[in-house]
Amino acid sequence: MRRFRFRYQNLLEVKEKYEDIIKRKLNEAQIKFEEAKKQLDILEDNKKKYQESINLNVKKGVDIGYLRMHDLFLMNLKREIRKQIEVIEVCKDEVNKCRMELMKASKEKRIFEKLKEKERENFHYIEKKEEDSLIDQLVTFKNYKSN
């Protein structure tokens, strides 16, 4: 009895490996995105705490030089927050790009898997037909021999 061999098995394996690579790439992009969001949260928390600290010092009474220095620091912090928001957008675009690529790779792999399943079914159908034909020949031969 013959064994089933899918003629595009190498291509299917390549598609599976490519899909795994894209999954890893997506995972890395998601981790980078989450880290960027955490960094933004830290910056915003720092900004809020710093503003509260300035407000307390203003109530106590401070000179204008102190306020100017802290205002410059606060402006720098706001600039960093804007940069981090841009980084988050880039990371988000990368995650979306990876998702689309993964969907495409999965679709290509599924096509080959379906083709493999159809070929397997066809192989089993042909095997069954050959087996039935062989059984018919044996029965015919026995009947012929017994007469």
Could you go step by step and tell me if Leu102 and Ser106 meet the side-chain contact (heavy atoms from CB on, under 4.5 Å) rule?
CA-CA 6 Å; Leu102 180 60; Ser106 294; 4.0 Å; yes

Spatial distance of atom [atom1] ([X]) from atom [atom2] ([Y]) [nearest 0.5 Å]:
X	Y	atom1	atom2	result
Arg120	Glu113	CZ	CD	11.0 Å
Glu34	Cys91	CD	SG	10.0 Å
Gln30	Lys92	CD	NZ	13.0 Å
Arg110	Lys114	CZ	NZ	7.0 Å
Leu12	Lys17	CG	NZ	11.0 Å
Leu26	Ile31	CG	CD1	10.0 Å

Can you confirm whether Ile64 is buried at CD1, in the sense that more than 12 heavy atoms of other residues, nucleotides or ligands lie under 6.0 Å from that atom?
no

Please determine whether the number of non-hydrogen atoms from other residues, nucleotides or ligands lying under 6.0 Å from atom CE of Met69 exceeds 12.
yes

Cluster question for you: counting only ILVMFWY and a side-chain heavy-atom cut-off of under 4.5 Å, with indirect links fine, are [X] and [Y] together?
X	Y	result
Leu40	Val90	no
Val95	Ile85	yes
Phe4	Leu11	yes

Between Thr140 and Asp136, is there a donor-acceptor pair closer than 3.5 Å when you use the side chain of the first and the backbone of the second?
yes

What closest approach, in Å, do [X] and [Y] show between heavy atoms, and which atom pair accounts for it?
X	Y	value
Ile81	Leu43	CG1-CB, 3.7 Å
Leu77	Lys47	CD2-CA, 3.3 Å
Val87	Ala36	CG1-CB, 4.1 Å

Does the distance from a Lys or Arg side-chain N to an Asp or Glu carboxylate O, for [X] and [Y], drop under 4.0 Å?
X	Y	value
Glu108	Lys15	yes
Lys32	Glu94	no
Lys128	Asp132	yes
Asp71	Arg68	yes
Lys49	Glu52	no

Heavy-atom side-chain proximity of [X] to [Y] below 4.5 angstrom:
X	Y	value
Asp93	Lys97	no
Arg82	Lys78	yes
Gln39	Glu80	no
Arg2	Ile126	yes

Any side-chain donor near an acceptor of the partner, Asn76 and Arg79, under 3.5 Å
yes

Can you find a side-chain donor-acceptor pair between Glu101 and Tyr18 that sits under 3.5 Å?
yes

Under the ring-ring contact (aromatic ring centres under 6.0 Å, His included) definition, can you give me all pairs with a residue in residues 72-115, not counting sequence neighbours?
Tyr50-Phe73

For Lys83, check salt bridge (charged side-chain N to carboxylate O under 4.0 Å, His left out) against everything at least two apart and list the hits.
none

Hey, what's the ring geometry for Phe6 with Tyr8, parallel, tilted or perpendicular (30° and 60° as the breaks)?
perpendicular

Decide yes or no on salt bridge (charged side-chain N to carboxylate O under 4.0 Å, His left out) for Lys109 and Glu19, but give the supporting numbers first.
CA-CA 8 Å; Lys109 185 185 87 168; Glu19 183 183 36; 2.8 Å; yes

Kindly determine whether Arg99 and Asn96 satisfy side-chain contact (heavy atoms from CB on, under 4.5 Å), including the steps that lead there.
CA-CA 5 Å; Arg99 280 190 180 131; Asn96 289 336; 3.8 Å; yes

Can you list the residues that meet the side-chain hydrogen bond (donor to acceptor under 3.5 Å, both in side chains) rule with Lys116, with sequence neighbours excluded?
Gln9

Derivation and outcome, side-chain contact (heavy atoms from CB on, under 4.5 Å), residues Phe123 and Arg5
CA-CA 9 Å; Phe123 174 80; Arg5 175 149 163 47; over 6 Å; no

